[in-house]
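Working notes, structure below.
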Amino acid sequence: MIVLFDLDGVIVDTETQYTLHWNVLGEKYLGQKNFGITIKGQTLVQILDQYVDDPALGEFLEKEVDRIEDEMNYDYIPGAFEFMKTVKDAGIPSAIVTSSNKKKMEKLFACHPEIREMVDLILTSEYFSKSKPDPECFLKGMEMLGGTPQTTVVFEDSLHGLAAGRGSGAHVVGLATTNSREVITPLCDMVIDNFQGITLEALTEGLGM
């Protein structure tokens, strides 16, 4: 068994903050409402490539995202750190697989340096040529940890991320932190509100592993 964690909305409670800020940026500069939901789970590079034609505007938006991430709170999703420690203590290989870039991760590590020790790998957007919902990121995580789709559990929250997990062939656990249970249930093998009370035994039983 190996475990692949998304970051935002899975380990740290940042998705609501991203949604709020991207909704404002999208409506003000791109003329798109509810833009935060549209791009959720995608890399900044892909967002700018797909939606921004003006290089100057792209540079401005990139700086705005940097500023937002400087001011952001990086509180843990309830039970997330404890569950990551349980996985580590059990000797199960694990990785963080995120659309965030290395620059953002340094800001996270400044708040939570302990995260580095909780997983075997941290794969950021720089490792991938394609963004979620493409499954490349999770397939690469499996490969690097020596897993297979049948032995891999992916924890995700965004629709793009859940689709990527499903596309990789892994067992997918959806967190109802960004979208409702009703919305994500069709994309998951199992749905949880957070990690509180989640044991490895309950996880493997629930997934039929």
Okay, side chain of D8, backbone of T14: is any donor-acceptor separation there less than 3.5 Å?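 Judged by distance alone, no pair lies under 3.5 Å.
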Set of side chain to side chain donor-acceptor pair (under 3.5 Å) partners for K130, sequence neighbours left out: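 Side chain to side chain donor-acceptor pair (under 3.5 Å) list for K130, sorted by chain: empty.
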Going by the rule side chain to side chain donor-acceptor pair (under 3.5 Å), which residues pair with D13 if we only count those two or more places apart in sequence or in a different chain?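 If we apply the side chain to side chain donor-acceptor pair (under 3.5 Å) test to D13, skipping adjacent residues, there are no hits.
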Qualifying salt bridge (Lys or Arg N to Asp or Glu O under 4.0 Å) pairs, either residue in [range], two or more places apart:
| range | result |
| --- | --- |
| residues 115-128 | E106-R116 |
| residues 25-36 | none |
| residues 190-201 | R181-D193 |

Any side-chain heavy atom of T124 sitting closer than 4.5 Å to one from T98?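 Counting from C-beta outward, T124 and T98 do come under 4.5 Å.
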Taking the side chain as every heavy atom from C-beta outward, state whether Q17 and I68 have any atom pair closer than 4.5 Å.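 Not touching, per the 4.5 Å side-chain cut-off.
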Quick one: which residue pairs count as a side chain to side chain donor-acceptor pair (under 3.5 Å) with a foot in residues 133-148, not counting sequence neighbours?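 Qualifying pairs: S129-E136, T148-Q150, T148-T151.
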For [X], which residues count as a salt bridge (Lys or Arg N to Asp or Glu O under 4.0 Å) partner, sequence neighbours excluded?
| X | answer |
| --- | --- |
| E182 | none |
| K85 | D89 |
| E64 | R67 |
| D6 | K132 |

In the hydrophobic clustering (ILVMFWY, side-chain contacts below 4.5 Å, transitive), which residues join V154, or is it alone?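 Via sub-4.5 Å side-chain contacts, V154 links to I2, L4, V97, L121, L123, Y127, F128, F138, L139, M142, M144, L145.
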Distance-only polar pair, side chains of S125 and N101, donor-acceptor under 3.5 Å: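 Looking only at side-chain atoms, N101 and S125 do not form any donor-acceptor pair under 3.5 Å.
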Check this for me: Q50, atom CD, are more than 12 non-hydrogen atoms of other residues, nucleotides or ligands nearer than 6.0 Å?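 Yes, enclosed.
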Excluding sequence neighbours, so at least two apart, what forms ring-ring contact (aromatic ring centres under 6.0 Å, His included) with F81?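 ring-ring contact (aromatic ring centres under 6.0 Å, His included) list for F81, sorted by chain: Y76.
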